[in-house]
Amino acid sequence: PEAAGLRIAVDVEVEGGIDVSASIGPFSFGIDKLKASGEIVIEMGPMVGELPVAAEIRVYLLDSPDIDFTFSGFASAAEFPPTRQAVRAAIDAVLASQLVMPNGLTKELVERKDHMVNEHARPKAVLRVRVVKAQGLQGSDWSLFSKSTSDAYVQVRVGSKTWKTSVVKNTCDPEFPDSDVHDFLVYDLAQVVKCRVLDDDWLNDDDHLGYTEPLQVKDIVAQSNKPRELYSNVKFYRRGATLLGEGGRGKLTMQFSLLRLDPKPTLTGISAAAASAEGFLLAVDIRNLVMPARLADIIEVGVRTERYSSFTTRVQTPQGKLKAAVQAVDKTVRHIVRQGQREGIPLETLARITGLEDGVVHEILKSGSKCPRTGQPCNLGGERVVAEVPFNTTVFVPVSKRELESAHITLLIRNTKLEVLAKDTFKLAELGTSWPMGPKSNFIVLKDGQQGIFTLHGKTSVVQLHK
């Protein structure tokens, strides 16, 4: 039997010195101070067994944290805008892909058969956002013969995702096109919606024009179609009053709709309910990936449509796990293993003497021996040609009815450097979804892999969205 577990949420603010360096052409710079604040959630559960014990421990951030940093070196003097913008984007991307819901750090403590590792990653709802207009914005672009204006756009962030509207030029009262609509996957109704208006500058860092008051998803729908005040700065505290800076920077009007997921995971035809649906989610269950064994230590699988993309949490490959295990072995023990090989002691005996797994001993021996011809680690025999990487996860992507009927999606495999190892584009019908709808367990061979064959095992289904 299973029971609910324990959930602990803590507001954290961290500030400290770090030593990160980089270079752009002849200029070098670094980051010597970093400040981050946000809410960390620790979940233990579900509770299983008679004792009971927690099946897993999971740590994640409910929303993207607030980040600030100071440069050292060349960039500290001028706070070079493109550099600062690029560094912030890089930090945000890493945190979002690893720690911000639905991502997180998970440690499974009890093995459960046929268990989807991130059952928590199923969205609770979809927040549909449309930016309508802004009024009375500050003029950021100076003009000699006329009133200052701005080239305004709106940036909206929910959880790990950020969306930008189109740019409306040369006005302080922009009206945005009807097409400026975006669907955000919501995993917790306590997630915060952050909206910011900026002035688009092609040369310098975009000028900040104002923030609206951050609100949780459960509260934001009540603000639909209401002009909302813009402030110079804001600070959201989940268990306290939100801090608002100077107002009088104009107003922003947006529309918000909270769409619920149909409890039935698939469609069986274009019924009256399907025809009246506000939208759909494509759900791609990814069970495992069979790939060349030594191509990457950590990988992620992504699903990309015309407008949206979504990726799994990064997963260690068998090679990555072996390398991590080798690094955890004491240097003296590694020396004993290599010395034992030189003395002619069999691998199995070395594993028994040291208490290490055969694969770890093999990796130690491989990393310690060089092939005279190539200078690379020697193939000692018995190595895997292919490896199976378990994911046991589901990736959700918003899709329209038109996309379900005619559009293509791309499946891709990336490493930690965001290099695409393999990708291929399919019609949705080729993935086991077609009208009438129905899930179809299958495997997909990614033909575009330059390093070998990648075979993805899983199934697809579609979820209807309703108000």
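Here the closest heavy-atom approach between residue Thr253 and residue Pro227 is recorded as OG1-CA, 3.5 Å. Considering every non-hydrogen atom in both Ala36 and Ile67, the closest pair reads CB-CD1, 3.8 Å. Of all non-hydrogen atoms in Met44 and Ile57, the two that sit nearest each other are CG-CG1, 3.8 Å. The two atoms that bring Phe391 and Leu289 nearest to each other are CE1-CB, 4.1 Å, heavy atoms only. When every heavy atom of Leu185 is checked against every heavy atom of Pro398, the shortest pair comes out as CD2-CG, 4.1 Å.
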- request: Just do the side chain to side chain contact (heavy atoms under 4.5 Å, CB included) check on Leu137 and Leu230 with the steps written out, would you?
  value: CA-CA 9 Å; Leu137 298 179; Leu230 291 171; 3.4 Å; yes
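The side-chain contact (heavy atoms from CB on, under 4.5 Å) search around Lys417 returns Asn415, Glu419, not counting sequence neighbours. Taking Glu357 as the reference, nothing meets the side chain to side chain donor-acceptor pair (under 3.5 Å) condition, with sequence neighbours excluded. Qualifying side chain to side chain donor-acceptor pair (under 3.5 Å) partners for Asp173, counting only residues two or more places apart in sequence or in other chains: none. Under the rule for a side-chain contact (heavy atoms from CB on, under 4.5 Å), the partners of Ser257 that lie at least two apart in sequence or sit in another chain are Arg128, Leu259, Lys467. When the ring pair (Phe, Tyr, Trp, His ring centres under 6.0 Å) test is applied to Phe184, the partners found at least two apart in sequence or on another chain are His182. Every residue two or more places apart in sequence or in another chain that forms a salt bridge (Lys or Arg N to Asp or Glu O under 4.0 Å) with Asp66 is listed here: Lys194, Lys235. Here Gln255 pairs with Arg130, Val132, Ser224, Asn225 under the side-chain contact (heavy atoms from CB on, under 4.5 Å) rule; sequence neighbours left out. Applying the side-chain contact (heavy atoms from CB on, under 4.5 Å) criterion to Thr165, with sequence neighbours excluded, gives Val131, Tyr153, Val154, Trp163, Phe176, Asp180. Partners of Lys226 by side chain to side chain donor-acceptor pair (under 3.5 Å), not counting sequence neighbours: none found. Evaluation of the side chain to side chain donor-acceptor pair (under 3.5 Å) rule for Thr416 yields no partner, not counting sequence neighbours.
In the model, Thr410 has a side-chain atom that pairs as donor or acceptor with a side-chain atom of Thr425 under 3.5 Å.
Judged purely by atom type and a 3.5 angstrom limit, Thr460 has no side-chain atom pairing as donor or acceptor with the backbone of Leu282. At distances below 3.5 Å, at least one donor-acceptor pair connects side-chain atoms of Tyr308 with backbone N or O atoms of Asp183. Side-chain atoms of Asp151 come within 3.5 Å of backbone atoms of Asn170 as a donor-acceptor pair (strictly under, hydrogens ignored). Checked by atom type and distance alone, the side chain of Ser309 never pairs as donor or acceptor with a backbone atom of Val303 at under 3.5 Å.
Counting only residues at least two apart or on different chains, the salt bridge (Lys or Arg N to Asp or Glu O under 4.0 Å) pairs with a member in residues 242-257 are Glu229-Lys251.
A salt bridge is absent between Lys133 and Glu175: the closest approach of a Lys/Arg side-chain nitrogen to an acidic carboxylate oxygen does not fall below 4.0 angstrom.
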Name each donor-acceptor pair under 3.5 Å that joins a side chain in residues 319-327 to protein atoms two or more places apart or in another chain, with its distance.
| unit_1 | atom_1 | unit_2 | atom_2 | d |
| --- | --- | --- | --- | --- |
| Gln319 | OE1 | Arg294 | NH1 | 3.3 |
| Gln319 | NE2 | Asp297 | OD1 | 2.5 |

